[in-house]
Amino acid sequence: MTAPAAAQTPDAALAHARALLRATPLIDGHNDLPWEIRRAEGHPRDVAAYDLRRPSPKHTDLARLAAGQVGAQFWSIYIDGEMKDSGYARVQLEQFDIARRMIARYPDRLELALGTADIERSVKRKRLASLLGMEGGHAIENSLGVLRAYYALGARYMTLTHNVTLDWADAALDSARHQGLTEFGREVVREMNRLGMLVDLSHVSPATMSDALDVAEAPVIFSHSSARALVDHPRNVPDSILARLPKNGGVVMVTFVPQFVSAEFKAWEESADAERKALRAAVTDSAEFQRQLDAWRTAHPAPAATLAQVVDHIEHVRQVAGIDHVGIGSDFDGVDYVPVGLEDVSKFPDLFAELIRRGWSDADCKKLAGQNLLRAFRAAEETAARLQRERQPSTKTIEELDGTSAARPSS
Ligand SMILES: [Zn+2]
């Protein structure tokens with residue numbers, strides 16, 4: 001590691017990146033593999049049939065995780081926010097079960113991690129530290145007891161909302177019913193801080209981000225979001241929020257989702273969406289609908305998002321929030337499209353090679369790779385230890401705090 005960054009050939013930068021990721025664990029904030037296993041064609045929910053020792057149909061398997069030098073992964077145990085009537089608890093518990101069976105199936109490769117000490121132990125043992133992150137506060141069904149039960153099952157972050165606005169929090173992609181968090185929503189954040197479950201602000205509206213930062217007693221994370229100043233997508237983080245991260249200590253884990261990192265891709269997605277809606281209204285036959293949609297897609301190919309654009313977002317977050325508040329949250333297995341150069345979990349070293357070519361120091365690359373997340377998580381654990389000495393588990397209800405009983409369907 002002697003040549004100045006600019007003088008390095010692409011291969012030298014990649015070799016440098018690989019050496020760097022051997023010395024410091026890469027921690028990725030978001031991978032949707034458990035949902036892929038749930039909906040696998042022909043063998044849904046079958047952890048054995050979705051064999052990670054073989055090449056998988058999507059972005060993630062053991063060989064590519066090793067090639068990508070992934071040291072720790074938050075596996076998303078996402079559940080759909082629009083399945084209210086079928087019961088969130090059943091699906092959420094099944095996703096815990098799928099993820100935990102998946103981790104247990106490869107004891108030589110994966111290890112369940114419940115905190116920073118576990119991450120460090122697994123890295124030393126050359127196992128992929130496997131953490132569980134819940135995606136969507138709808139899962140707790142307005143109950144702090146349910147939140148605590150999910151913590152006990154291993155959830156170490158919860159995204160406050162997915163795409164649907166809740167009784168207590170506004171989502172980025174839905175209507176603003178509360179202008180942020182309700183009082184019960186604030187109590188959810190306080191209880192997560194008391195438990196030591198990271199508060200994840202990806203998917204929430206800017207007002208919810210702001211309210212959560214106001215009440216948070218521990219660092220927050222964004223498990224998979226990019227910079228709104230570069231691509232004006234509601235899922236991205238505005239500069240006004242990025243600027244508050246130094247005080248909070250939190251981390252924005254920049255995501256690779258094409259419509260969040262490329263303005264051209266976002267525009268294409270919007271027109272594809274409009275086309276789909278128009279076709280659905282005009283064409284009743286489902287085979288004909290699909291034929292026409294495919295024809296539109298052939299005539300209008302998706303523009304490529306690129307690795308360089310992802311790096312632009314990383315550099316923007318660094319510029320506004322600071323080098324101590326940026327991380328990586330790929331969203332592999334949760335997306336249909338990926339940027340050129342970041343096609344699957346084997347490609348993380350290529351991302352670091354580009355940073356090295358742009359002049360990033362080893363120390364800064366290591367912060368981005370995982371040291372920032374570890375620091376924030378450790379601070380959240382320390383806060384939890386203190387809060388558990390100071391206060392009991394909250395027994396507050398949404399009816400008490402928000403007076404919402406009138407809004408609930410009477411039985
Ligand atoms: Zn998501």
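As the structure lists them, so they are numbered: ligands from 1, and atoms in each ligand from 1.
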For this session: May I have the angle between His203 NE2 and His224 NE2 with its vertex at the Zn ion (ligand 1), rounded to 10°?
Result: 100°
How about [X] and [Y]: are their ring centres within less than 6.0 Å of each other?
X	Y	answer
Trp268	Tyr337	yes
Phe377	Tyr157	no
Phe74	His30	no

Exercise. Looking at the Zn ion (ligand 1), which N/O/S atom of Glu135 is the nearest one?
Worked result: OE2
Please determine whether [X] has a backbone or side-chain N, O or S atom lying under 2.8 Å from the Zn ion (ligand 1).
X	value
Asp331	no
His162	no
His30	no

For this session: Flag the pair Arg358 and Glu315 as a salt bridge only when some basic side-chain nitrogen lies within less than 4.0 angstrom of an acidic carboxylate oxygen.
Result: yes
For this session: Using a strict 4.0 Å threshold on nitrogen-to-oxygen distance, state whether Asp97 and Arg101 make a salt bridge.
Result: yes
